[in-house]
Protein chains: 2
Amino acid sequence: MDLRRLVYFVAVAEELHFGRAASRLAIAQPPLSRQIAQLESDLGVMLIDRSRSQIRLTQAGSVLLERARDVLERLDRTHREIKRIGEGFSGHLRVAFVGSATYGVLPNVIKAFRSAYPDVELALSAMNNAEQKRAVIQREIDIAVARPSLEDEELKSEPLLQEPLILALSDTSPLLERQVTRLSALKAETFVLYPRKPRPSFADHILSICLEEGFIPKSQVLAQDYQTAISLVSVGVGIALVPKSVSQAERPGVAYRAYEGYNPGTALSLNYRRDNRMPHLFNFLKIAQDVTRRQRKQ
Amino acid sequence: MDLRRLVYFVAVAEELHFGRAASRLAIAQPPLSRQIAQLESDLGVMLIDRSRSQIRLTQAGSVLLERARDVLERLDRTHREIKRIGEGFSGHLRVAFVGSATYGVLPNVIKAFRSAYPDVELALSAMNNAEQKRAVIQREIDIAVARPSLEDEELKSEPLLQEPLILALSDTSPLLERQVTRLSALKAETFVLYPRKPRPSFADHILSICLEEGFIPKSQVLAQDYQTAISLVSVGVGIALVPKSVSQAERPGVAYRAYEGYNPGTALSLNYRRDNRMPHLFNFLKIAQDVTRRQRKQ
DNA sequence: GCACGCTGATGACGACGCGGTATCGAACCC
DNA sequence: GGGTTCGATACCGCGTCGTCATCAGCGTGC
């Protein structure tokens, strides 16, 4: 059952006239007659009663008309559906992010993407870098928002945001009285650090900064993430270095201060498989660029 | 979106391997690659991710696979459905019959047709000859079971059953004492007759028999149909000539007797449009022939 | 009542597209 | 790094589609 023949048949069945149907189909009448005859012999069934000058459908023809219309309409809808997916306006996109990305630009990127592509189902999940790397390579996710980035032959990485580090202090700390604090002046303080593994970790990053400033924190406490670190700071356990965006979420008992000294900052990046060509991905990257560019201007 | 390409695509999507899909489709691999590429360019969408040796479906491809399977299955079902209708195993058939046909072979024909073609919806309706003729010509019904037959250029008529006439008497009638009654001996009786129109009517038929026997009933009473006639006979209004099959439905107060004399009988016929080629019709005619042939043997 | 017109079927021909074989190019594997 | 596997490309022959021309049957009208 060729599709062309089905279209032809519907035209004839609707017009009940070969000539008119042919001109509607923008072909001549002979091929139309032949195609219908071919369809009938393929099916082994008469579809059109030609015994009179005014042709009419047989029972089989009537049923086929219904079915054919249904199928053709389904194909048409499918065509549009597929096209929308192919353009990235529909379908789904799986994004994973490190917990600390929830403060800064990421929510704005998500919001912007949602409003630009409301029909794309966004599957968001929090993962640490190691999980992200595994998941993105295994194609379980499409985009990994990592800090600072994922390094792998299979992956590509694009910077999302570069931000300075900032000092988090207890709001009862006497250090608050100074306008500006030199980092090396804090060598005696207790530092809240982060898990060492997997390497290179954010803990390594902090320690390398301290080293650059000429000291190693004597007293160290471990926190799983920034939230926990801030909690520890709020109860007076010690001080912490955090990305500046973390300070956006205010917390009782915690004050933030810029510091003087080496501040390489920290970066958020978008990571994805090199061979991932899905349009949703490129659309997301574009939106992310737009949002960060706009945000940087402000 | 060509149907062949859809089939090809489903094969590739299921095998995830062009070579295997090609051999499953019993074609060579190059044309398959080209058809898939063609489908993709028709839709303007990548359906298959060929970036690795192990190919995989894109989102659009996955959705198309589902939709294509659905459409192909619908077409397959439609094919079978249409074929069954074309062979007369499914669909519907509209039959009209004169009231007096409900006694004789017709119920058996209907039963036989029902059991041979259980999926054909039979639309049965009672009509007099005039209504039948109009309805069958206008294609409102497919078969008219008429008595004796419908005459028209557009119609064909086949005998269904030829049956003798029989005398219906009150069971208190003194006529019952004789073994056989000569029709002409009844010239003084009151005859229950039938509507004169439309001509030629069954009333004319009865009167022509009487005329053949050399008399015209002096006393006549009219009944709309055989049922009414029998009712009138049962209450002693008069006597009636009815088709033999009518006597199958026994009725208190009525007795039946054969008579001596001219008995041309009466015929039931199957009538249909000459140009009606629907298989259901021919199947019905065949069943009717079988049933009457079998019944006649008994 | 016969001729004309309308409508669908049939015949002949050119063009496009499909499938076949041969071959290429890239990725993967040892 | 050479061999193997797999999809893409090049080129060719044939089938099928669409076109024009024409036929055949039915209905209609003067």
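Lettering follows sequence order; numbering is per chain, from 1.
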Proximity to the side chain of B:Arg50 - top-ranked nucleotide from C:dG8, D:dC17, D:dA8: D:dA8

Residue among A:Ile137, A:Asn129, A:Leu270 satisfying side-chain contact (heavy atoms from CB on, under 4.5 Å) with A:Leu150: A:Asn129

Provide, to the nearest angstrom, the distance between the CZ atom belonging to B:Phe18 and the C1' atom belonging to C:dA26. 15 Å

Decide yes or no for B:Ile48 and B:Phe9: does some side-chain heavy atom of the first lie under 4.5 Å from some side-chain heavy atom of the second? yes

Please determine whether a side-chain nitrogen or oxygen atom of A:Arg52 lies at a distance below 4.0 Å from atom OP1 or OP2 of D:dG27. yes

How about A:Met1 and B:Ile82: do any of their side-chain heavy atoms sit closer than 4.5 Å? no

B:Leu25 CG to C:dC18 P, in whole Å, measures 15 Å

Does a distance-only test, which skips hydrogens and angles, find a donor-acceptor pair under 3.5 Å between the side chain of B:Arg20 and the base of D:dT5? no

Grab the CG-P distance between B:Asp2 and C:dG17 for me, whole Å please. 12 Å

Looking at the side chain of B:Gln29, which of C:dC18, D:dG7, D:dT19 is the nearest nucleotide? D:dG7

Tell me which nucleotide among C:dG20, C:dG8, D:dA21 gets nearest to the side chain of A:His17. C:dG8

Could you tell me whether B:Glu121 atom CD has more than 12 heavy atoms of other residues or ligands within 6.0 Å of it? no

Which of D:dC20, D:dG7, C:dG19 is nearest the side chain of B:Pro31? It is C:dG19

From CD of A:Gln54 over to C1' of D:dG25, roughly how many Å is that when rounded to an integer? 16 Å

Relative to the 5' end of DNA chain D, which residue comes earlier, A:Ser51 or A:Tyr8, by the nucleotide with the nearest heavy atom? A:Tyr8

Donor-acceptor pair under 3.5 Å, B:Arg34 side chain vs C:dG20 base: yes

Lys/Arg-Asp/Glu bridge criterion (N-O < 4.0 Å) met for B:Arg69, B:Glu14: yes

At under 4.0 Å, does any side-chain N or O of A:Ser33 touch on OP1 or OP2 of C:dA9? yes

Nearest whole Å is fine: how far is D:dT19 P from A:Ile27 CD1? 6 Å

Could you check how far CD of B:Gln35 sits from C1' of C:dG20, rounded to whole Å? 13 Å

How close or far is atom P of D:dA8 from atom CG of B:Leu32, stated in whole angstroms? 9 Å

C:dG19, OP1 or OP2 - any side-chain N/O from B:Arg4 closer than 4.0 Å? yes

What does A:Ala28 touch in the nucleic acid at a heavy-atom separation under 4.0 angstrom: a base, only the sugar-phosphate, or nothing? sugar-phosphate

Whole-Å distance, A:Gln38 CD to D:dG18 P, equals 11 Å

